[in-house]
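Let me begin by presenting the structure, written as structure tokens, before commenting on it.
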Amino acid sequence: MKPKNHIFNHPTLQTLQQKCNNLNNLKQIHAQIVTTGLSLQTYCLSHLINISSKFNLTYAFTIFNHIPNPSIFLYNTLISSLVNQNNENKIHLAFSLYNKILTHKNLQPNSFTFPSLFKACCSNPSWFQYGLLLHTHVLKFLKPPFDLFVQGSLLNFYAKYGKLCLCRYLFDQIDQPDLATWNIILGAYANSFDDNVFPLEALCLFCDMQVAKVTANEVTIVALVSACSSLGALSHGFWVHCFVLRNKVMVNRFVGTALVDMYSKCGCLNLACQVFDRMFERDRDTFCYNAMIAGFAIHGYGNRAVELYRKMKSKGLVPDDATFVVTMFACSHAGLVEEGLEIFKSMKEVHGVEPKLEHYGCLIDLLGRAGRLKEAENWLQDMPMKPNAVIWRSLLGAARLHGNLDMGEVALRKLIELEPETSGNYVLLSNMYASVARWNDVKRVRMLMKHHGVNKLPGFSLVEINGAMHEFLTGDKTHPFSKEIYLKITEINRRLQEYGHNARTSEVLFDVEEEDKEGVLSYHSERLAIAFALIASPSSFAIRIIKNLRVCGDCHAFTKLISAVYGRDIIVRDRNRFHHFKDGSCSCLDYW
DNA sequence: ATAGGGTTAG
């Protein structure tokens, strides 16, 4: 039998390789490899490139460049270590290596090549186009079924750029998603803040995950907790916290920070503090302190926020952009003007951090709220970048608060320039005129609104939906806190208006084709349509959903369940067919 | 034999 020329079979190399962490060691190993003739072997060099790329990339490249025909393994090794350096130039290099693979006549990218490249595409929007291109290459070079790493990195790529429907479509095609894949899709839904329905879907998906018997880990929990946080769903968040305790999930820095954030945003400062205090000291990093300081800030405890900010610095933690934002936010809402000013000045003088737009925003808000309007205006004029709408709005707010009409008018003019369609801007000024009984001016502002074609949308409040709602959305009948679930009614109103909700006949026309802007359909559109309809017209007899295209996935089970739980008839028109759901069963009628 | 995807704050 032929002896294997395995690097681990070579005693000297083995020992050297294990403790190799500097250039000298590396050179020794390299020399050994050359003298023993092992340098003709891809396997051995791959190891060497892998080791050296971790602390000396130049050396790794030198080795690589001396290899006459590097194998795809070597390319993959180098590409992944370049991507993991997290640096624009390195990513450029990674893509040029990828180009070399493509132009090489004997090489083809494989399933190990794509995951790191998709990861690279997430780091900067300018790489988005490359990601799309890579997707076409996946289809060109790989044979389905694609492996979970490729699919996962693809999902993550689309999720990062907000292509949620597409993401779901791809997810639904994955045969047996593993833990990381579930975590990607959960995280994608949990972090879609522009639509409250998506975090809710994350909770639904978690149930599907449990049905699939995939065991949750810390990453899963973080996604769930942040979903609850953006929903304002305290009881669900608490349930997740209980899940953590019951299932012995680690409260690591990520989980801890997510819990602190969730409890803060859901109005439970007490619990936020408890979680924070019980975390391991080593886990309390800058992120974690930021979340806790933000918690104090939201609840109006300016002094406690500043105190914690000082404590954080005394622990040797380095404040970042967000630290300054949340601490100054706390100061401005608690009237701690001097403290806030001091922190702003210390950014540059003590921490060597150049204030960004949002920091100027905090500063102007701080001074404005305290009535120091002239100073606020001066800062606004002197700031090194162009003030955005947020800053002008905070000046407008301050002007209104302190009755400075002239400044309010200036700010409004700027605001209308920047965002002519936001009704709130007009309303602020109109209210300001109204407060000093300048009714002609009030009229003028209203006319201006009309002129710009702006309508005031109705205000919103939180709606409580009962436990059954939760139950059929999540399939979780054992949920101890299924009494309440919150959704913003604005969103529902907006959609209902868009889709022609008719209060008298209690029908909801929900055009699925319109809903999926990606051109890919997923069944959650229909689930959501039904949920909207129920929330919006709790006493209606029937719900009618109209779909123009076939929907992927099985909605029927879900719809049957709703018809049973709510005792309602649901009629779904699917192109040329009617589905009639009643008492948990479905009958289908062709309608021509 | 060697290379690959997922987690936190405003």
In whole Å, I'd like the distance from the CE atom of A:M279 to the P atom of B:dT8.
14 Å
In whole angstrom, what separates A:D283's CG from B:dT8's P?
15 Å
Report the nucleotide, chosen from B:dT8, B:dG5, B:dG10, that has the shortest atom-to-atom distance to any side-chain atom of A:I184.
B:dG5
Which residues, if any, of residues 112-120 of chain A bring a heavy atom under 4.0 Å of DNA chain B?
A:F112, A:P115, A:S116, A:K119
What nucleic acid atoms does A:N217 come within less than 4.0 Å of, heavy atoms only: base, sugar-phosphate, or nothing?
base
Nucleic acid contacts of residues 249-259 of chain A, taken as heavy-atom distances under 4.0 Å to DNA chain B:
A:R253, A:F254, A:T257
Set of residues satisfying side chain to side chain contact (heavy atoms under 4.5 Å, CB included) with respect to A:R284, sequence neighbours excluded:
A:F276, A:M279, A:E281, A:C288, A:Y289
Below the 4.0 Å mark, does B:dG10 have OP1 or OP2 next to a side-chain nitrogen or oxygen of A:K356?
no
Those residues that, when tested against A:N388, pass side-chain hydrogen bond (donor to acceptor under 3.5 Å, both in side chains) (two or more places apart):
none
So what does A:K160 touch, heavy atoms closer than 4.0 Å: a base, only the sugar-phosphate, or nothing?
sugar-phosphate
Nearest-Å distance, CG (A:D285) to P (B:dA9)?
12 Å
Provide, to the nearest angstrom, the distance between the CE atom belonging to A:M292 and the C1' atom belonging to B:dG10.
15 Å
If you look at every strand shown and take non-hydrogen atoms under 4.0 Å, does A:L148 touch a base, only sugar-phosphate, or nothing?
base
Any non-hydrogen side-chain atom of A:M312 less than 4.5 Å from a side-chain atom of A:L308?
no
If you draw a 6.0 Å radius around CZ in A:R278, do more than 12 non-hydrogen atoms from other residues or ligands fall strictly inside?
no
A:I79 pairs by side chain to side chain contact (heavy atoms under 4.5 Å, CB included) with which of A:L97, A:I91, A:L93, A:L74?
A:L97
If you look only at pairs with a residue in residues 383-397 of chain A, which of them pass as a salt bridge (charged side-chain N to carboxylate O under 4.0 Å, His left out), with sequence neighbours excluded?
A:R393-A:E419
Can you check the A:L224 CG to B:dT7 P distance for me, whole Å?
14 Å
Rounded to whole Å, the CG-C1' distance (A:L134 to B:dG4) equals 13 Å
What is the nucleic acid contact for A:Q151, judged by heavy atoms within less than 4.0 Å: base, sugar-phosphate only, or nothing?
nothing
Minimum-distance pair of heavy atoms, taken over all atoms of A:T286 and A:V318
OG1-O, 3.1 Å
For A:Y158, give me all partners under side-chain hydrogen bond (donor to acceptor under 3.5 Å, both in side chains), at least two apart in sequence or on another chain.
A:H135
What side-chain donor-acceptor pairs closer than 3.5 Å can you find for residues 109-134 of chain A, not counting sequence neighbours?
{"unit_1": "A:N110", "atom_1": "OD1", "unit_2": "A:N76", "atom_2": "ND2", "d": "3.1"}
{"unit_1": "A:N110", "atom_1": "OD1", "unit_2": "A:F112", "atom_2": "N", "d": "2.9"}
{"unit_1": "A:N110", "atom_1": "OD1", "unit_2": "A:T113", "atom_2": "N", "d": "3.4"}
{"unit_1": "A:N110", "atom_1": "OD1", "unit_2": "A:T113", "atom_2": "OG1", "d": "3.1"}
{"unit_1": "A:T113", "atom_1": "OG1", "unit_2": "A:N76", "atom_2": "OD1", "d": "2.9"}
{"unit_1": "A:T113", "atom_1": "OG1", "unit_2": "A:N110", "atom_2": "N", "d": "2.9"}
{"unit_1": "A:T113", "atom_1": "OG1", "unit_2": "A:N110", "atom_2": "O", "d": "3.1"}
{"unit_1": "A:K119", "atom_1": "NZ", "unit_2": "A:N84", "atom_2": "OD1", "d": "2.8"}
{"unit_1": "A:S123", "atom_1": "OG", "unit_2": "A:A120", "atom_2": "O", "d": "2.7"}
{"unit_1": "A:N124", "atom_1": "OD1", "unit_2": "A:S126", "atom_2": "N", "d": "2.9"}
{"unit_1": "A:N124", "atom_1": "OD1", "unit_2": "A:S126", "atom_2": "OG", "d": "3.1"}
{"unit_1": "A:W127", "atom_1": "NE1", "unit_2": "A:E88", "atom_2": "OE2", "d": "3.2"}

May I have the step-by-step check of side chain to side chain contact (heavy atoms under 4.5 Å, CB included) for A:S226 and A:M262, ending in yes or no?
CA-CA 7 Å; A:S226 29; A:M262 185 274 293; over 6 Å; no
Pair A:M328, A:D365 - check side chain to side chain contact (heavy atoms under 4.5 Å, CB included), show working.
CA-CA 9 Å; A:M328 285 174 69; A:D365 193 54; over 6 Å; no
Below 30° counts as parallel, above 60° as perpendicular, anything between as tilted: where do the rings of A:F243 and A:W239 land?
tilted
Contact list for DNA chain B against residues 68-90 of chain A - heavy-atom distance below 4.0 Å
A:F73, A:N76, A:T77, A:S80
Which residue pairs pass the ring-ring contact (aromatic ring centres under 6.0 Å, His included) test when at least one of the two sits in residues 298-327 of chain A, sequence neighbours left out?
A:F324-A:H351
Contact list for DNA chain B against residues 296-309 of chain A - heavy-atom distance below 4.0 Å
none
With the threshold set at under 4.0 Å for non-hydrogen atoms, list the residues of residues 317-334 of chain A touching DNA chain B in residue-number order.
A:D320, A:D321, A:A322, A:V325, A:V326
Looking at the side chain of A:V219, which of B:dG10, B:dT8, B:dT7 is the nearest nucleotide?
B:dT7
Is A:R168 positioned over the aromatic face of A:F171, cation under 6.0 angstrom from the ring centre and no more than 45 degrees off axis?
no
For atom CG of A:D261 and atom C1' of B:dG10, their distance in whole Å:
10 Å
Is any side-chain heavy atom of A:Q274 less than 4.5 Å from a side-chain heavy atom of A:Y263?
no
On a plain distance test, is the side chain of A:N110 in donor-acceptor contact with the base of B:dG4 below 3.5 Å?
no
A:I184 pairs by side chain to side chain contact (heavy atoms under 4.5 Å, CB included) with which of A:N156, A:V219, A:L154?
A:N156
Set of side-chain hydrogen bond (donor to acceptor under 3.5 Å, both in side chains) partners for A:D178, sequence neighbours left out:
A:T181
Could you tell me the separation between the CZ atom of A:F146 and the C1' atom of B:dG4, rounded to a whole number of Å?
16 Å
